[in-house]
2 protein chains.
Amino acid sequence: MLTDEYRYKILKILEANPEISQRDLAKKLNISLGRVNFCLKALIEKGLLKASNFRNSQNKLAYMYLLTSQGLEEKSVITARFLKAKLQEYAKLQAEIEELRQDSHQVLNNSFHQAEIHAL
Amino acid sequence: MLTDEYRYKILKILEANPEISQRDLAKKLNISLGRVNFCLKALIEKGLLKASNFRNSQNKLAYMYLLTSQGLEEKSVITARFLKAKLQEYAKLQAEIEELRQDSHQVLNNSFHQAEIHAL
DNA sequence: TTTTCACCGTTCAACAATTGAACAAAGTTT
DNA sequence: AAACTTTGTTCAATTGTTGAACGGTGAAAA
């Protein structure tokens with residue numbers, strides 16, 4: 001599955017470092033090689049990336065994943081959309097944490113209550 | 001899979017409302033019936049919950065999922081652990097959002113830059 | 001009484017997502 | 001020439017999840 005999270009992360013990494021291998025990309029993203037391969041193909045398919053050959057420092061043939069102009073445009077759209085989602089997540093998390101805080105206080109109060117009862 | 005998230009949520013809901021059905025619990029948690037069933041069995045297996053029969057308002061036989069004393073103890077442990085994880089998530093999200101903000105600014109700067117070039 | 005209906009927990013075949021070992025290709029090293 | 005390294009690709013296997021279907025049980029309707 002190719003989510004905005006990986007669209008964003010992959011385009012960002014490749015923009016800064018187009019000659020990264022799929023294996024290193026997988027490590028950086030903490031996902032499997034197979035999934036990286038799937039995501040890259042999808043991004044190429046959609047015209048956001050282009051794979052081209054180049055000679056690396058050891059004069060070895062390797063791929064280079066370059067953002068197309070459409071890729072650059074889309075990256076900003078995806079980034080904005082992803083940021084919006086993250087902000088919503090953030091607000092939700094704030095509420096959840098507040099709720100959890102109240103729950104753990106309640107637990108403490110319960111313990112206290114039981115201690116009181118126990119003391120009778 | 002039974003994660004802390006669902007351990008916490010299920011124990012919390014059942015403590016307040018032990019006579020809820022697995023279907024309603026599934027709706028409340030936005031997960032499937034099968035998964036709820038799996039989670040409940042796991043919690044019962046671990047001794048945190050106990051299923052007992054009771055007669056509901058329509059005098060119909062139904063289950064009641066009660067927290068055992070071990071379940072009450074564990075709930076506070078799980079809540080604390082889950083809260084801690086949420087706080088970490090929160091901090092990470094803050095950093096991510098900051099990074100995203102910078103990225104989208106960079107994009108704006110790039111657009112501006114290109115606009116400048118275009119104007120030449 | 002018998003039938004129908006509604007709701008319960010349980011099961012499990014089917015689906016979806018992900019993994020990573022295995023492979024072929026290409027260049028380098030021994 | 002053979003062995004080794006690093007690349008992208010493939011796909012069988014694993015994992016996680018779903019929800020339709022089933023049998024059980026009591027209430028309501030026929």
Side-chain angles (χ1 to χ4, degrees), chain A residues 1-11 13-68 71 82 85, chain B residues 1-11 13-68 71 82 85:
Chain A
M1 218 190 135
L2 177 52
T3 60
D4 265 358
E5 176 175 1
Y6 291 105
R7 285 191 191 95
Y8 162 70
K9 288 183 177 174
I10 290 174
L11 291 178
I13 292 172
L14 290 183
E15 195 178 12
N17 184 18
E19 73 272 18
I20 193 173
S21 73
Q22 292 186 10
R23 278 172 179 78
D24 287 346
L25 192 50
K27 281 174 198 159
K28 223 168 192 171
L29 296 170
N30 277 321
I31 60 177
S32 69
L33 175 61
R35 194 173 172 194
V36 162
N37 187 267
F38 175 82
C39 290
L40 286 179
K41 280 189 176 171
L43 290 171
I44 290 168
E45 168 74 22
K46 292 201 173 180
L48 307 192
L49 279 185
K50 191 169 166 293
S52 64
N53 292 114
F54 82 114
R55 301 261 157 194
N56 68 12
S57 53
Q58 293 97 35
N59 199 32
K60 248 177 118 167
L61 197 65
Y63 273 117
M64 206 171 178
Y65 300 99
L66 295 168
L67 273 68
T68 62
F82 187 50
Chain B
M1 217 189 135
L2 177 52
T3 59
D4 265 358
E5 176 175 3
Y6 290 104
R7 285 190 191 95
Y8 161 71
K9 288 182 178 175
I10 291 174
L11 292 178
I13 292 172
L14 291 182
E15 194 178 12
N17 185 16
E19 71 273 17
I20 194 173
S21 72
Q22 292 186 10
R23 279 172 178 78
D24 286 346
L25 192 50
K27 281 175 199 159
K28 223 168 193 172
L29 295 169
N30 277 321
I31 59 177
S32 70
L33 175 61
R35 194 173 172 194
V36 162
N37 186 267
F38 176 81
C39 291
L40 286 179
K41 280 189 176 171
L43 290 171
I44 289 168
E45 168 73 22
K46 291 202 173 179
L48 307 192
L49 279 185
K50 192 169 166 291
S52 64
N53 291 113
F54 82 114
R55 301 260 157 196
N56 68 11
S57 53
Q58 295 99 34
N59 199 32
K60 247 178 120 167
L61 197 66
Y63 272 117
M64 205 172 178
Y65 300 99
L66 295 169
L67 273 68
T68 62
F82 187 50

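Each chain gets a letter, A, B and so on, in the order its sequence line appears, and its residues count up from 1.
Under the 6.0 Å distance and 45° angle rule, Lys9(B) counts as a cation-pi partner of Tyr6(B).
In this structure, Arg35(A) places its CZ atom 17 Å from P of dT15(D), rounding to the nearest Å. To the nearest angstrom, C1' of dT18(D) lies 14 Å from CG of Asn30(B). Rounded to an integer number of Å, the gap from CG of Leu25(A) to P of dT6(D) is 18 Å. Remark: P of dG16(D) and CZ of Phe38(B) are 8 Å apart, rounded to the nearest angstrom. Atom C1' of nucleotide dG16(D) and atom CD1 of Ile31(B) are separated by 12 Å, given to the nearest angstrom. Atoms CE (Met1(B)) and P (dT18(D)) sit 13 Å apart, rounded to a whole Å. Put simply, CG on Leu2(A) is 16 Å from C1' on dA16(C), counting in whole angstrom units. Going from atom CE of Met64(B) over to atom P of dC7(C) covers 20 Å, rounded to whole Å.
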Report, one line per pair, each donor and acceptor closer than 3.5 Å where one atom sits in a side chain of residues 19-34 of chain B; sequence neighbours left out.
{"from": "Ser21(B)", "atom 1": "OG", "to": "Asp24(B)", "atom 2": "N", "distance (Å)": "3.1"}
{"from": "Gln22(B)", "atom 1": "OE1", "to": "Asn37(B)", "atom 2": "ND2", "distance (Å)": "3.0"}
{"from": "Gln22(B)", "atom 1": "NE2", "to": "Tyr65(B)", "atom 2": "OH", "distance (Å)": "2.9"}
{"from": "Ser32(B)", "atom 1": "OG", "to": "Arg35(B)", "atom 2": "N", "distance (Å)": "3.3"}

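Open room surrounds NZ on Lys50(A); 12 or fewer heavy atoms of other groups in view lie less than 6.0 Å from it.
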Quick test: give all pairs of protein nitrogen or oxygen and nucleotides 8-12 of chain D nitrogen or oxygen below 3.5 Å, distance rounded to 0.1 Å.
{"from": "dG8(D)", "atom 1": "OP1", "to": "Tyr65(A)", "atom 2": "OH", "distance (Å)": "3.2"}
{"from": "dG8(D)", "atom 1": "OP2", "to": "Gln22(A)", "atom 2": "N", "distance (Å)": "3.0"}
{"from": "dG8(D)", "atom 1": "N7", "to": "Arg23(A)", "atom 2": "NH1", "distance (Å)": "2.8"}
{"from": "dG8(D)", "atom 1": "O6", "to": "Arg23(A)", "atom 2": "NH2", "distance (Å)": "2.7"}
{"from": "dT9(D)", "atom 1": "OP2", "to": "Gln22(A)", "atom 2": "NE2", "distance (Å)": "3.2"}
{"from": "dT9(D)", "atom 1": "OP2", "to": "Asn37(A)", "atom 2": "ND2", "distance (Å)": "2.6"}
{"from": "dT10(D)", "atom 1": "OP2", "to": "Lys41(A)", "atom 2": "NZ", "distance (Å)": "2.4"}

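Counting heavy atoms from C-beta on, the side chains of Leu43(A) and Leu14(A) never come closer than 4.5 Å. Considering only heavy atoms from C-beta on, Ile10(A) stays 4.5 Å or farther from Val36(A) through its side chain.
Note: Leu49(B) CG to Thr68(B) OG1 = 7.0 Å, rounded to the nearest 0.5 Å.
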